[in-house]
Amino acid sequence: MKKIVALAHVMLAGLSACVVSPSHREHAPLDEQRVSAFADTINGKAVKLFTLRNKSGMAVEITNYGATLVSIHVPDKEGQVENVLLGYDDIKGYYTGKSYFGCVVGRYANRIAHATFKLDGKEYHLPQNDGMNSLHGGLNSIDKQVWDARIMNDAIRLTTVMKNGDNGYPGNVKLTVVYSLRSDNSLVIDYSATTDQSTVLNISNHAYFNLSGDPSNTILDHEIKINADAFTTVDSTLIPTGEIKKVAGTAFDFLSFKKIGKDIDQPDQQLIFGKGYDHNFVLNARSETIAAVEVMDKNSGRKMEVYTTQPGVQFYTGNFLNGSEKGRSVAYEQRTGFCLETQQFPDAPNQPQFPSTVLKPGETWKSQTIYRFSTSK
Ligand code: BGC
């Protein structure tokens with residue numbers, strides 16, 4: 001079995017020293033000590049670290065705890081391979097972590113106002129874990145669960161069940177997330193879900209990127225282009241007001257490449273509410289071929305393109321990081337990572353003018369997001 005073969009690599013000291021078949025190499029760990037730092041058992045379920053590799057020098061570490069992206073190692077313009085994700089050094093960091101590093105968030109990613117919504121005439125109450133609102137599915141949600149994992153050739157398939165009544169939401173929802181790594185340095189995330197009762201659903205990944213490879217740098221010099229003519233404005237609790245505002249002429253205009261830091265401290269009410277960017281951009285295209293977002297770090301020469309079938313993306317500039325969480329001997333300070341959480345719109349269950357997030361029995365919800373890495377000199 002591939003899983004057993006992959007784990008057997010824990011025993012091997014160095015990848016270069018061993019003779020392995022291509023499928024073995026694809027899952028060989030980056031470092032055997034890391035594998036043990038991420039090995040645990042919770043309620044009889046094994047927590048493990050998996051590695052996807054391709055022939056272009058990219059490696060992605062994933063744990064089935066929270067279906068979490070632990071690291072993404074990609075080359076810079078000189079060919080130096082470094083980790084461009086924020087994360088913790090061991091699995092315990094993920095148990096207690098509060099910043100949602102790299103995990104899959106749901107059942108409703110982002111916020112639901114006053115932690116309540118109505119569906120088919122019935123009112124549902126959720127945990128208030130963000131002031132009065134509900135954030136990222138509530139407490140002990142899918143980001144804090146051990147998922148079932150299956151290794152495939154160049155992919156890891158993770159599944160979990162969100163039970164009826166879990167965090168106040170209706171319906172047993174079966175959720176599958178497949179991470180696959182392509183030879184062109186694309187990490188592809190395929191999501192699918194079914195339910196046995198009408199429910200609302202918004203699933204995203206919460207990876208924080210720092211393309212410099214060194215998270216002691218802020219991301220303010222990264223340049224970003226977001227293919228969105230508009231964004232959803234928020235109130236002081238970061239709940240959408242319902243307005244879809246044009247970005248033209250505002251600090252939110254990223255239609256051409258602009259440094260993240262250029263306008264971030266402008267006295268703009270929206271930026272003050274978010275302590276920086278923490279907003280849902282309304283994407284112009286939902287496509288595998290037209291980038292939703294492009295980000296460049298000119299120093300390292302790394303570039304990331306994001307493609308998605310989702311209607312929105314939360315551009316979050318790590319405003320609430322405050323140095324209290326650490327990894328790689330670095331305290332993650334404010335704005336040392338950015339997230340591009342592809343998603344449905346926040347609070348859509350309470351805002352009928354937004355695209356519907358209702359999932360009904362018999363339907364399969366699917367979405368795909370691709371993070372593609374490249375370099376330029
Ligand atoms: C939200 C932020 C929140 C962060 C938590 C983001 O998706 O938009 O407001 O602080 O998640 O890590």
Side-chain angles (χ1 to χ4, degrees), residues 66-70 85-88 93-113 115 126-144 167 189 201-210 215 219 224 226 228 231-241 252 260 264 269-282 292-293 306 308 310-327 331-348 351 354 357 369 371:
T68 301
L69 289 172
V70 171
L85 279 197
L86 270 52
Y88 307 105
Y94 289 86
Y95 296 163
T96 52
K98 301 214 179 326
S99 298
Y100 300 89
F101 285 156
C103 59
V104 170
V105 278
R107 169 178 321 198
Y108 204 93
N110 216 307
R111 290 173 174 81
I112 294 190
L126 316 169
Q128 296 181 321
N129 62 338
D130 187 62
M132 304 276 284
N133 303 324
S134 189
L135 177 68
H136 296 327
L139 307 167
N140 222 12
S141 195
I142 50 174
D143 55 300
K144 299 287 185 207
N167 273 301
I189 315 180
L201 193 77
N202 188 18
I203 306 292
S204 188
N205 180 283
H206 209 293
Y208 290 69
F209 299 91
N210 184 319
I219 42 83
I224 188 165
I226 307 179
F231 72 107
T232 48
T233 60
V234 291
D235 67 15
S236 62
T237 72
L238 301 185
I239 292 291
T241 58
F252 291 77
I260 292 177
I264 201 168
Q269 186 66 76
Q270 286 296 308
L271 291 169
I272 294 166
F273 284 158
K275 293 194 162 54
Y277 297 100
D278 192 356
H279 294 78
N280 173 57
F281 284 73
V282 178
V293 187
V306 183
T308 188
Q310 293 269 39
V313 63
Q314 185 83 3
F315 176 41
Y316 170 56
T317 42
N319 313 314
F320 298 108
L321 296 175
N322 60 11
S324 62
E325 306 199 75
K326 297 189 181 70
Y332 297 123
E333 301 289 350
Q334 193 189 36
R335 299 177 182 165
T336 53
F338 66 90
C339 301
L340 290 166
E341 302 154 58
T342 55
Q343 61 181 1
Q344 302 276 350
F345 295 2
D347 198 36
Q351 309 222 18
F354 287 170
T357 54
T369 291
Y371 295 107

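Just follow the structure's listing: the first ligand is 1, and inside any ligand the first atom is 1.
Against a heavy-atom cut-off of under 4.0 Å, Ser99 is close to the following atoms of ligand 1: 12 (O). Set against the non-hydrogen atoms of Glu341, the atoms of ligand 1 under 4.0 Å away are 6 (C), 7 (O). Distances below 4.0 Å separate heavy atoms of Tyr208 from the following atoms of ligand 1: 12 (O).
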Let's go through Tyr208 and His206 carefully: what are the C-alpha distance in whole Å and the side-chain angles of both, what is the deciding distance for ring-ring contact (aromatic ring centres under 6.0 Å, His included) to 0.1 Å, and is it a yes or a no? CA-CA 7 Å; Tyr208 290 69; His206 209 293; 5.3 Å; yes

Practice task
Any chance you could lay out the side-chain contact (heavy atoms from CB on, under 4.5 Å) test for Thr317 and Ile260, step after step, and finish with the verdict?
Solution key: CA-CA 8 Å; Thr317 42; Ile260 292 177; 3.7 Å; yes

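Between the side chains of Gln343 and Gln314, at least one donor N or O lies within less than 3.5 Å of an accepting N or O. No side-chain donor-acceptor contact under 3.5 Å links Asn202 and Thr357. Counting only N and O atoms by type, the side chains of Glu341 and Tyr316 include no donor and acceptor under 3.5 Å apart.
Residue Tyr277 is tested with Phe338, Phe231, Phe252 for a ring-ring contact (aromatic ring centres under 6.0 Å, His included); the sole match is Phe252.
The backbone N or O of Thr241 lies less than 3.5 Å from no partner atom in the side chain of Asp235, so there is not a single donor-acceptor pair.
Of all the heavy atoms of Phe315, none lies under 4.0 Å from any atom of ligand 1, so neither backbone nor side chain is involved.
Counting protein heavy atoms only, atom 5 (C) of ligand 1 is closest to Tyr100 CD1, 3.8 Å. At the shortest separation from atom 2 (C) of ligand 1 among protein heavy atoms lies Asp278 OD2, 3.1 Å. With respect to atom 3 (C) of ligand 1, the closest heavy atom belonging to the protein is Arg111 NH2, 4.0 Å. At the top of the distance list for atom 10 (O) of ligand 1, counting protein heavy atoms only, stands Phe320 CD1, 3.1 Å. Closest protein heavy atom to atom 6 (C) of ligand 1: His206 NE2, 3.2 Å.
Residue His136 has at least one nitrogen or oxygen atom sitting less than 3.5 Å from a nitrogen or oxygen atom of ligand 1, judged on distance alone.
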